[in-house]
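Note that this is a predicted model, so its numbers are computed, not measured.
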Amino acid sequence: MAARPRVYRAEGVILRRRNLGEADSILTVFSGNEGKFEAIARGVRKARSRMRGHLEPLTRSRVLVAQGRNLDVFTQAETVDAYRRLREDLDASAEALYCLELVDRFTEEREPLPELYALLLEALRLLQEGNGPAVTRHFELRLLALLGYEPHIDGCVLCGDRLPEEETLLSPGAGGLVCRGCRSEAGGGRIVSVPVVKLMRFARRATMTEFVALEAPPGIEQELRAAVAELVRYHLDRDPNARRFVEGVSALHPKD
């Protein structure tokens, strides 16, 4: 792998920020060409900083970065998209921050993942346009697929038999759907309905826009949310912190 230049440019979404000292911040950026990386923004929290506002979480920015001894250093930053409408909508903001955390937790540093970056930008665009949690469901399922964690949903993951059109066990530990005859070998999981299985299969071949347009009933949407959350929890060995935020916001206006 060729060495990075001492000064390099990148475009990416700011995933998170950690404050350092009185005025500095360490930013985690997810970029299409650089992958995930961290760099320090010196003096960014000062009122007169030229980079202030361009390096906020949930902002897409172009940055110029210089290699440092311990941490790279931001030298310039310019906002590409501030996602202002996302910030003004609590529901959309919660879903977006959850997507950012998934990217942060599932990716390694300096691993370019241009398909995942494009997927993240599409999710943020659709959330900003007012689309709901279906955006996040498609994002979760496609992220798992892109990173090698896609569940086997075409048949029984254990015996390979075709699955009848009935409630089926989704077992994260086994790696996908499990037929009745193999349930004792699956090691636990969640029973999912036929509509949820069909939605998972549709998500695999549909664009995010097509998936969102389907408009599943609220009950099925909630069942899919719980099923996919179990897959995410299994592969991360924990629930993302932002999941509790999403659920808390959703509980403010429960759907019928």
Quick one: does Pro172's side chain get under 4.5 Å of His235's, heavy atoms only?
no
Measure across Ala186 and Ser171 and return the closest heavy-atom pair with its distance rounded to 0.1 Å.
O-OG, 3.1 Å
What residues, two or more places apart in sequence or in another chain, satisfy ring-ring contact (aromatic ring centres under 6.0 Å, His included) together with Phe211?
His138
The test is side-chain contact (heavy atoms from CB on, under 4.5 Å); show your working for Phe245 and Leu90 and say whether it passes.
CA-CA 10 Å; Phe245 179 40; Leu90 187 59; 3.9 Å; yes
Passing option when Ser25 is tested against Ile40, Asn19, Ile14 for side-chain contact (heavy atoms from CB on, under 4.5 Å)
Asn19
Could you state the interatomic distance from SG (Cys99) to CG (Leu15), rounded to the nearest 0.5 Å?
11.0 Å
Taken in chain and number order and not counting sequence neighbours, the residues that satisfy side-chain hydrogen bond (donor to acceptor under 3.5 Å, both in side chains) with Thr28 are Glu38
Leu58-Val103 co-clustered via ILVMFWY side chain contacts under 4.5 Å:
yes
Quick one: side-chain hydrogen bond (donor to acceptor under 3.5 Å, both in side chains) partners of Thr79, sequence neighbours excluded?
His54
Val197 and its side-chain contact (heavy atoms from CB on, under 4.5 Å) partner, picked from Leu177, Leu170, Ile153:
Leu177
Show your working on side-chain contact (heavy atoms from CB on, under 4.5 Å) between Met200 and Leu231 and close with a plain yes or no.
CA-CA 12 Å; Met200 292 177 70; Leu231 292 170; 4.2 Å; yes
Heavy-atom check, side chain of Phe37 versus side chain of Val65, under 4.5 Å:
yes
In one Ile/Leu/Val/Met/Phe/Trp/Tyr side-chain cluster, 4.5 Å: Leu121, Val63
no
In this structure, would Leu100 and Leu146 fall into the same cluster of hydrophobic residues linked by side-chain contacts under 4.5 Å?
yes
Interatomic distance, Arg243 atom CZ to Leu97 atom CG [nearest 0.5 angstrom]
15.5 Å
Say whether Val13 and Val29 are linked into one hydrophobic cluster, either directly or through other cluster members, by side-chain heavy-atom distances under 4.5 angstrom.
no
Mind listing the closest non-hydrogen atom pair of Ala123 and Met208 along with its distance?
CA-SD, 3.5 Å
Taking a hydrophobic cluster as the set of Ile, Leu, Val, Met, Phe, Trp and Tyr residues connected by side-chain heavy atoms closer than 4.5 Å, whether directly or through intermediates, do Leu120 and Tyr83 fall within one such cluster?
yes
Quick one: OG on Ser193 to NZ on Lys198, what's the gap to the nearest 0.5 Å?
10.0 Å
Between Arg110 and Asp72, does any NZ, NE, NH1 or NH2 come within less than 4.0 Å of an OD or OE carboxylate oxygen?
yes
Minimum heavy-atom distance Ala66-Thr75, with the two atoms named:
CB-CG2, 4.1 Å
Mark yes or no for whether Arg52, through its side chain, and Arg45, through its backbone, hold a donor-acceptor pair below 3.5 Å.
yes
Quick one: closest heavy-atom pair of Gln67 and Tyr8, and the distance?
CG-CE2, 4.3 Å
Using side-chain heavy atoms (C-beta onward) and a distance below 4.5 Å, is Arg105 in contact with Val232?
no
Does atom CZ (Arg9) have a neighbourhood of more than 12 heavy atoms from anything else shown, all under 6.0 Å?
no
Taking NZ, NE, NH1 and NH2 as the nitrogens, is one of them in Arg244 or Glu101 under 4.0 Å from a carboxylate oxygen of the other?
no
Do Leu236 and Tyr149 have side chains that approach each other closer than 4.5 Å (heavy atoms only, starting at C-beta)?
no
In terms of heavy-atom contacts, does CZ of Arg201 have more than 12 from other residues, nucleotides or ligands at under 6.0 Å?
yes
With clusters built from Ile, Leu, Val, Met, Phe, Trp and Tyr whose side-chain heavy atoms come within less than 4.5 Å, directly or transitively, what are the remaining members of the cluster of Leu64, listed by chain and number?
Val7
Could you list the donor-acceptor pairs under 3.5 angstrom formed between side-chain atoms of residues 112-119 and any protein atom two or more places apart in sequence or on another chain?
unit_1: Tyr117; atom_1: OH; unit_2: Glu11; atom_2: OE2; d: 3.0

Full working for side-chain contact (heavy atoms from CB on, under 4.5 Å) between Arg190 and Glu223
CA-CA 10 Å; Arg190 170 184 292 271; Glu223 187 186 350; 5.9 Å; no
By salt bridge (charged side-chain N to carboxylate O under 4.0 Å, His left out), Arg85 pairs with (sequence neighbours left out) none
Provide the closest heavy-atom pair for Leu55 versus Leu27 in the form atom of the first, atom of the second, distance.
O-CD1, 3.3 Å
Could you grab the distance from atom CZ of Arg137 to atom CG of Leu199, nearest 0.5 Å is fine?
11.5 Å
Give a yes or no on whether Glu166 atom CD has more than 12 heavy-atom contacts from other residues, nucleotides or ligands under 6.0 Å away.
yes
salt_bridge(Glu247, Arg225) N-O dist < 4.0 Å
no
Minimum-distance pair of heavy atoms, taken over all atoms of Val157 and Ala174
CG2-O, 3.6 Å
Counting N and O atoms only, with roles assigned by atom type, does the side chain of Asn131 sit under 3.5 Å from a partner on the main chain of Leu126, one being a donor and the other an acceptor?
yes
Atom NE2 of His152 and atom CG of Leu163: how far apart are they, to the nearest 0.5 Å?
7.5 Å
Supply the atom-to-atom distance Glu210 CD to Phe202 CZ, rounded to the nearest 0.5 angstrom.
5.5 Å
Show your working on side-chain contact (heavy atoms from CB on, under 4.5 Å) between Glu56 and Arg87 and close with a plain yes or no.
CA-CA 11 Å; Glu56 294 291 331; Arg87 298 171 188 276; 4.2 Å; yes
Under a 4.5 Å cut-off applied to non-hydrogen side-chain atoms, are Ile191 and Arg183 in contact?
yes
Quick check on Glu109: does its CD atom have over 12 non-hydrogen neighbours (other residues, nucleotides or ligands) under 6.0 Å away?
yes
Contact between Phe30 and Asp104 at the side-chain level, heavy atoms closer than 4.5 Å - yes or no?
no
